[in-house]
Amino acid sequence: MIVALALPRLAASGTRVVAVAGRNVVALRSVGWLAFVSGALEPFLYLFSIGIGVGTLVGDMRLADGSVVSYAAFVAPAMLAASAMTGALTETTFNFFGKMKFWKLYDSVLATPVGPMEIAFGELCWAMTRGALYSASFLAVMVAMGLTGPLSALAALPATVLIGFAFGAVGMLVATYLRGWQDFDLIGTIQFALFLFSGTFVPAEAYPAVVRWVIEVTPLYRAVDLIRAITAGGLGWFQVLDVAYLLTLLGLCLWGASRRMSRLLRR
Amino acid sequence: MTPMIEAAGLVKRFGDFTAVDGIDVTVQPGESFGFLGPNGAGKSSTMRMIGCVSPPTDGLLRILGMDPVRQGPAIRARLGVCPQLDNLAPDLTVLQNLTTYARYFGIPRREARRRATELLEFVQLSERSGAEVEPLSGGMKRRLTIARALINEPDLVLLDEPTTGLDPQARHLVWERLFRLKQRGVTLVLTTHYMDEAEQLCDRLVVMDAGKIVAEGSPRALIERYSTREVVELRFQAESQSGFAAKLEGIGERTEELPDRILLYASDGDAALTEVHARGLSPSGALIRRSSLEDVFLHLTGRTLVD
């Protein structure tokens, strides 16, 4: 009975979420193509310069489960995880912030039946669709270069979507606290620090125990750990922890973001 | 018939500041209703509560017979909102601004396109359909915002200062389109600090000042009740003005002293001016005009509407 009552409302809400996400597709057709394509390029640059270039100096890497892989196969999943993070953060901080504060776009959307939670979820879905396309192209190249198997690549795709969702939710929550463009420098720095130290280029085990513990609780480390286990090997119980961690992060931040948005926009 | 808007003892506070201080308003279907008042009178706060985007702090509010806090989405589905500042999407074309907006109401794509095309015709923007929004003039943007507010064929249209910042020609075009809506039987609720706008568009209005309603009625009735039929505007040399007000005592019904002129309220302006001259006073300028809502406002609050 309750389900029967809730279903039509849920369907209407779903339509509104799709409308919020779909707006971005319309905007893309008119102006944003180039920016869209350039976003896919970054992880390839890192993979070729460091994974393969620096890789010739580093040699092979030993993974936690004892298996040995090439440096490029070690770095590639980290680049994938990091680009899922970067893409999601850019979309949800930069673009979301601009739409909210400068275009006042959401003020006009909230005058319709669409609510704050639906806006948050709709924008996030768009960021994820975009991120999933980037991830798929990168995974295809990894398979072509023999850095992972086709089945592993297929398994890794939903994992990148989860990572994107989690960081997208973080970005949205952060965006509601931003005061102006000057705050983006700070975000950039934090993002870069995460990018460099989350077991991306060097395993976390290489650092002193205290630093290693700090690294292991950061979200990008969990994301890298998850993707690397899928594409390079060593899948185990730790990855269940990774998934639980990312799901929790997603839930908490999405809830927080929609609350903040209600407070900012529904005064 | 259920009123479109029903408010009783409606209050909006932001921290210590009371923006709306216990107002009672009822708007019937088909009516054109206005909130007239200076900036900061609480008009926009009231409109945001009516638009179900700002919860009331206290009092009763029913929109289309529903509760704005619990039934917000259902109410907003039947409202058309034209905000004070245009918030059109700069990354979409004129037509796309309407079609994407239609999607928020769950209007199917094909129907959205049909309505958007029709509305662009209505606001005379058809030739700009494929253009970007940014190069449009202020008047065009406002008309597009009005078109966007009509995309869901609303029962109630809310317009917050629909012509503020527009040049006279653009204002008249907006008024003319709004008047057509009114003729179609659409309920309009607007805020304004222009008396001529209120006179043109409103069947009935309330005058707001400092969060309270200070008068209510039709423009005609308000003028009859709070002002005289005619007004004589007298200008004197700046320094000498202060002494003159006292010398005008007994002419007309009353006087109102402004920084640059004295207003003399009388049923017969010509007779009053003759009397002024008969007393040996020679103002540097004199103008006889009909009373307006501005005079009503001045009488009620002691201040002018637009500073």
Side-chain angles (χ1 to χ4, degrees), chain A residues 6 8-36 91 94-96 98-119 121-123 125-126 258-259 261-267, chain B residues 12-15 19 45 47-55 57 68-69 71-97 99-109 112 130-134 145 148-149 151-152 154 158 160:
Chain A
R9 294 183 79 175
L10 210 62
S13 188
T15 314
R16 298 199 281 264
V17 168
V18 171
V20 173
R23 183 209 170 282
N24 293 293
V25 182
V26 179
L28 197 65
R29 270 187 236 147
S30 50
V31 281
W33 262 115
L34 207 64
F36 185 79
E91 186 66 44
F94 225 71
N95 297 352
F96 183 71
K99 283 182 200 165
M100 184 164 68
K101 294 249 163 129
F102 289 93
W103 294 357
K104 306 274 178 207
L105 182 78
Y106 301 131
D107 288 343
S108 66
V109 180
L110 287 174
T112 74
V114 179
M117 188 74 183
E118 287 156 352
I119 292 181
F121 200 59
E123 291 291 3
C125 284
W126 160 245
S258 93
R259 263 182 69 101
M261 279 182 65
S262 300
R263 201 172 303 170
L264 288 175
L265 299 168
R266 286 258 159 94
R267 291 195 310 131
Chain B
K12 182 72 193 184
R13 279 189 216 99
F14 298 101
S45 297
M47 285 296 250
R48 285 174 53 79
M49 285 192 278
I50 295 172
C52 309
V53 288
S54 169
T57 313
V69 177
Q71 294 161 288
I75 298 171
R76 291 196 301 273
R78 292 168 56 193
L79 297 186
V81 179
C82 178
Q84 196 176 120
L85 299 170
D86 297 315
N87 48 18
L88 298 161
D91 57 342
L92 301 177
T93 66
V94 168
L95 185 77
Q96 286 169 344
N97 258 284
T99 50
T100 56
Y101 206 70
R103 304 289 296 150
Y104 299 138
F105 291 93
I107 299 165
R109 253 171 250 282
E132 300 271 307
V133 167
E134 217 28 71
T145 310
R148 192 182 66 180
I151 197 80
N152 58 326
L158 308 177
D160 199 358

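Letters A, B, ... are given to chains in the order of the sequence lines, protein chains preceding strands, and every chain is numbered from 1.
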**Which portion of B:Arg78 sits near chain A, non-hydrogen atoms under 4.5 angstrom** = neither
**Message:** Tell me the closest heavy-atom pair linking B:Asp91 and A:Ala27, and the distance in Å.
**Reply:** OD2-CB, 3.3 Å
**Asked** What part of B:Ser54 gets closer than 4.5 Å to chain A, counting heavy atoms only: side chain, backbone, both or neither?
**Response** both
**Prompt:** Which atom pair, heavy atoms only, marks the closest approach of A:Leu110 to B:Val53?
**Reply:** O-CG1, 3.4 Å
**Prompt:** Closest heavy-atom contact between B:Tyr104 and A:Pro113?
**Reply:** O-CD, 3.9 Å
**Asked** At a heavy-atom separation under 4.5 Å, does A:Val17 approach chain B through its side chain, its backbone, both, or neither?
**Response** neither
**Asked** Given the options A:Leu105, A:Asp107, A:Val109, which has more heavy-atom pairs under 4.5 Å with chain B than any of the others?
**Response** A:Val109
**Message:** Take a 6.0 Å sphere around OH of A:Tyr106 and say whether it holds more than 12 heavy atoms from other residues, nucleotides or ligands.
**Reply:** yes
**Complete:** Only residue of B:Asn97, B:Thr99, B:Leu92 satisfying side-chain contact (heavy atoms from CB on, under 4.5 Å) with A:Val26 is B:Leu92
**Message:** If you compare all heavy atoms of A:Thr112 against all heavy atoms of B:Arg76, which two are closest, and at what distance to 0.1 Å?
**Reply:** O-NE, 2.7 Å
**Prompt:** For the residue pair A:Thr15 and B:Gly106, what are the closest heavy atoms and their distance?
**Reply:** CG2-CA, 4.4 Å
**Asked** Within a strict 4.5 Å, meaning less than it, do heavy atoms of the A:Val114 and B:Arg103 side chains meet?
**Response** no
